[in-house]
There are 2 protein chains.
Amino acid sequence: MKTADSANGNAATIKDVARQAGVSIATVSRILNGSAGVSPALTERVQQAVDALGYQPNAVARALKVKESHSIGLIIPDIENPFFPALVRGVEDMARSHDYAVILCNSDGVGSEEERYIRLLHGKQVDGVIFTGGANSDSSMELLASLPIPAVSLDRQSKRVHMSSVVVDNVYGAALAVRHLVELGGRRIAFIGGSPQLSVAAERFKGYGQVLAEYGLPLDEGLILHGDFTYDSGYQNAWLLLEKEREFDAVFAANDMIAIGVIECLAARGIRVPQDVRVAGYDDIRLAGWYKPALTTVRQPVYEMGQEAVRMLLHLLGSSAQEMVEKRFRPELIVRQSTGGDE
Amino acid sequence: MKTADSANGNAATIKDVARQAGVSIATVSRILNGSAGVSPALTERVQQAVDALGYQPNAVARALKVKESHSIGLIIPDIENPFFPALVRGVEDMARSHDYAVILCNSDGVGSEEERYIRLLHGKQVDGVIFTGGANSDSSMELLASLPIPAVSLDRQSKRVHMSSVVVDNVYGAALAVRHLVELGGRRIAFIGGSPQLSVAAERFKGYGQVLAEYGLPLDEGLILHGDFTYDSGYQNAWLLLEKEREFDAVFAANDMIAIGVIECLAARGIRVPQDVRVAGYDDIRLAGWYKPALTTVRQPVYEMGQEAVRMLLHLLGSSAQEMVEKRFRPELIVRQSTGGDE
DNA sequence: TTGAAAGCGCTAACAA
DNA sequence: TTGTTAGCGCTTTCAA
């Protein structure tokens, strides 16, 4: 059974189609690409040949010729991190709607892996790359920026490396959460953060500080702990906080997994949320709504950010002028039980 | 700043390297590909030229020549479905370790999208595709099987289409859960299933039936409801079940989202889990462990399945003999609070 | 051990 | 409106 194969046993090529239709390969190419000026008669004959042979144009050969692969690379730390599936889907959907394929790369946020992937993608002649780095990826970004490949930085912003980016206003988002905590009566609000090298972590801390200042509350070093964006880090830092015997009436956690770690730790010590301490998180991962107590958190338009990154990249491809652009989304506060602000 | 570019303003090619090193392009190619029989002296000179030019071999040109793209396609329904991130990661990791790139495709389980992607991947000359279809993807699988592209079916098995596959023994897994329910005293165990066209759904139902038979319990049609693999479906079917006023003391849900839907519905009607009714799910998604009550469920080695699919595919590539193989994993029972079997 | 040259499948001048 | 042909960047046969 070799329906789709031409006489020589291999997949049909444009030559086979041309022969079958009795025309030149140029004519076939024109018809396939919808170029103007081909007679309906030939178009018809070629179409029939295409169908008969089950011909599928070789995109690799085309890419070599036109120097466009119609693929983009997407580098993220880890698809298993609940933040990323929606982001990836946004990218994929928008890419597909423009007939681009996406090559997915998980770097675990490790610089060497990021660079390895960047080179791989470069070799594969991707038309652009969307990059979400790890905690220390300035040098990866430098490498990326040095290559003749359009790139956009997604959910990250580097001080050192200039690159078009789509981000969300984390200062604003954090402020939303902290303000909510203050308005509910919080006066001694702890901050339990993520990897401080990450711009998103730093910005959330900044938003926290801003709101305290706004309300004339003191910034108490004893209530501030940095870690990383994991459950364990949240749990441990909550533990540390309790060890200090520093009083606090609320916690702003830099993401939802931290928040859950914090709440579990508090629960283990008999401290109730939100009755004794109010806790807010960040990201609105799926789990946030199902967890008991359901998490008050800050939702980011993750899917839309993925879409926008592709839109921006495609725009960069179109305009040879490499002006740098930035798109900044606004997050929103989702109030649930963990702050007791939902009644 | 055009460090990486050759004189003509474009990216360096093998020609540029050859000229710079004063050798022929054949020699450069040999060195780059580690072919035997090149003198150390030339190797050294070529290496220097490569570094100086920041030369990156053009994988598209190479792919055209050698007819191997070193890419594989991965078609899944939806990366936002919590089942898939670990699967994708398994695929990606194994692919990367063999220097393959993976093109991610979300089909939403829609046949027309699946076929669209299959053709796209075919055009892109991927070396193989890993396919996880939707409820009605027999025709997509037929298309895929008709193409000269090695393929493996992941977590799916078609009666009609023959294809190498990696699956998990769902009959066994379901039996694990239902047996657990029986041993805890369940006598009237309801089954709330997923899309019955999906082999996994059908197998889980089969496992349910087997255990009832094993214990001499009747198969009561009134306790069996089919739907799809969503929270809403679980909620609605639980509602329907209650409407029937048919007594039941346990529920086996065909996946975790259904189980949660069921539990929420029962809770809304004042029925406690596990005190009044025991509920078991399937999949052990991340949420299962965090949900209150934590879900008793069946865990599948999802990451390993992804890895195995790539291993199998690569093996298929190696051996031109297209023998069909199957790898069947065994799931395990994870006992938690929702069945009250964890004390 | 090295180089010259053909050719992978396609597009796009250019010519007719 | 159609065909001929050069060439994209690479690998590999063949000859030297």
Side-chain angles (χ1 to χ4, degrees), chain A residues 4-46 49-50 53-70 122-127 148, chain B residues 4-46 49-50 53-70 122-127 148:
Chain A
D5 293 1
S6 74
N8 59 38
N10 280 312
T13 72
I14 197 171
K15 260 184 184 161
D16 301 314
V17 176
R19 190 179 320 116
Q20 170 106 1
V23 299
S24 74
I25 61 170
T27 299
V28 176
S29 177
R30 287 191 189 103
I31 289 168
L32 259 27
N33 296 298
S35 309
V38 253
S39 71
L42 290 193
T43 304
E44 170 70 7
R45 261 161 58 200
V46 167
V50 165
L53 296 168
Y55 171 68
Q56 177 73 237
N58 183 325
V60 170
R62 178 168 216 285
L64 178 60
K65 178 66 193 177
V66 304
K67 298 174 183 299
E68 281 179 13
S69 64
H70 260 249
H122 181 206
K124 286 205 175 286
Q125 315 294 116
V126 295
D127 295 336
Chain B
D5 293 0
S6 76
N8 60 38
N10 280 315
T13 74
I14 197 171
K15 259 186 185 162
D16 300 314
V17 175
R19 191 179 320 117
Q20 172 105 2
V23 299
S24 75
I25 61 171
T27 299
V28 176
S29 177
R30 289 192 186 100
I31 289 169
L32 260 26
N33 295 300
S35 309
V38 253
S39 70
L42 290 195
T43 304
E44 169 70 8
R45 261 162 56 200
V46 167
V50 165
L53 296 169
Y55 172 67
Q56 177 74 237
N58 183 326
V60 170
R62 177 168 217 284
L64 177 60
K65 181 67 194 179
V66 305
K67 295 174 184 301
E68 280 180 13
S69 63
H70 260 248
H122 181 207
K124 286 204 176 285
Q125 314 293 116
V126 295
D127 295 336

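We name chains A, B, ... by the order of the sequence lines, and we start the count at 1 in each one.
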Practice task
Tell me, please, the opening and closing nucleotides of DNA chain C, 5' to 3', among those with an atom under 4.0 angstrom from a non-hydrogen atom of chain B.
Solution key: C/dT1 to C/dG9
Fill in the blank from the handout: B/Lys67 NZ to D/dT12 P, in whole Å, measures 12 Å
Exercise for the section: With sequence neighbours left out, write down each residue that passes side chain to side chain contact (heavy atoms under 4.5 Å, CB included) with A/Glu68, or none if nothing qualifies. Expected result: A/Val66, A/His70, A/Asp127
Fill in the blank from the handout: note: B/Leu53, atom CG; D/dG9, atom C1'; distance rounded to Å ~ 15 Å
Problem - Spacing between B/His70 atom NE2 and D/dC10 atom P, to the nearest angstrom - result: 16 Å
Handout entry: A/Gln125 backbone acceptor or donor facing A/Lys67 side chain under 3.5 Å
Key = no
Problem - DNA chain C: 5'-proximal contact among A/Ser35 and B/Ala61 (nearest heavy atom) - result: B/Ala61
Exercise for the section: Answer yes or no: is there a side-chain heavy-atom contact under 4.5 Å between A/Thr13 and A/Asn58? Expected result: no
Practice task
Indicate yes or no: at least one non-hydrogen side-chain atom of B/His122 is less than 4.5 angstrom from one of B/Pro148.
Solution key: yes
Practice task
Would you kindly give the CG-to-P distance between B/Asp16 and D/dG9, to the nearest whole Å?
Solution key: 9 Å
Tabulated below should be each protein N or O lying under 3.5 Å from an N or O of nucleotides 2-6 of chain D; please produce it.
{"unit_1": "D/dT2", "atom_1": "OP1", "unit_2": "A/Ser39", "atom_2": "OG", "d": "2.7"}
{"unit_1": "D/dT2", "atom_1": "OP2", "unit_2": "A/Ser39", "atom_2": "N", "d": "2.7"}
{"unit_1": "D/dT2", "atom_1": "OP2", "unit_2": "A/Ser39", "atom_2": "OG", "d": "3.3"}
{"unit_1": "D/dG3", "atom_1": "OP2", "unit_2": "A/Ser24", "atom_2": "N", "d": "3.0"}
{"unit_1": "D/dG3", "atom_1": "OP2", "unit_2": "A/Ser24", "atom_2": "OG", "d": "3.1"}
{"unit_1": "D/dG3", "atom_1": "OP2", "unit_2": "A/Thr27", "atom_2": "OG1", "d": "2.6"}
{"unit_1": "D/dG3", "atom_1": "N7", "unit_2": "A/Arg30", "atom_2": "NH1", "d": "3.3"}
{"unit_1": "D/dG3", "atom_1": "N7", "unit_2": "A/Arg30", "atom_2": "NH2", "d": "3.4"}
{"unit_1": "D/dG3", "atom_1": "O6", "unit_2": "A/Arg30", "atom_2": "NH2", "d": "2.3"}

Handout entry: Beyond-backbone contact of A/Arg19 with A/Asp16, side-chain heavy atoms, under 4.5 angstrom
Key = yes
Exercise for the section: Kindly indicate whether the side chain of A/Val50, heavy atoms from C-beta on, has any atom under 4.5 Å from the side chain of A/Leu32. Expected result: yes
Problem - Nearest listed nucleotide, side chain of B/Val66, among D/dT12, D/dC8, D/dC10 - result: D/dT12
Exercise for the section: To the nearest Å, give me how far apart CG (B/Asn33) and P (D/dC10) are. Expected result: 10 Å
Practice task
Quickly work out the B/Lys15 NZ to D/dC10 C1' distance and round it to whole Å.
Solution key: 11 Å
Problem - Whether A/Arg45 side chain and A/Ala21 backbone form a donor-acceptor pair below 3.5 Å - result: yes
Fill in the blank from the handout: In terms of heavy-atom contacts, A/Ala49 and A/Gln20 come closest through CB-CG, 3.5 Å
Problem - Heavy-atom check, side chain of A/Arg62 versus side chain of A/Asn33, under 4.5 Å - result: yes
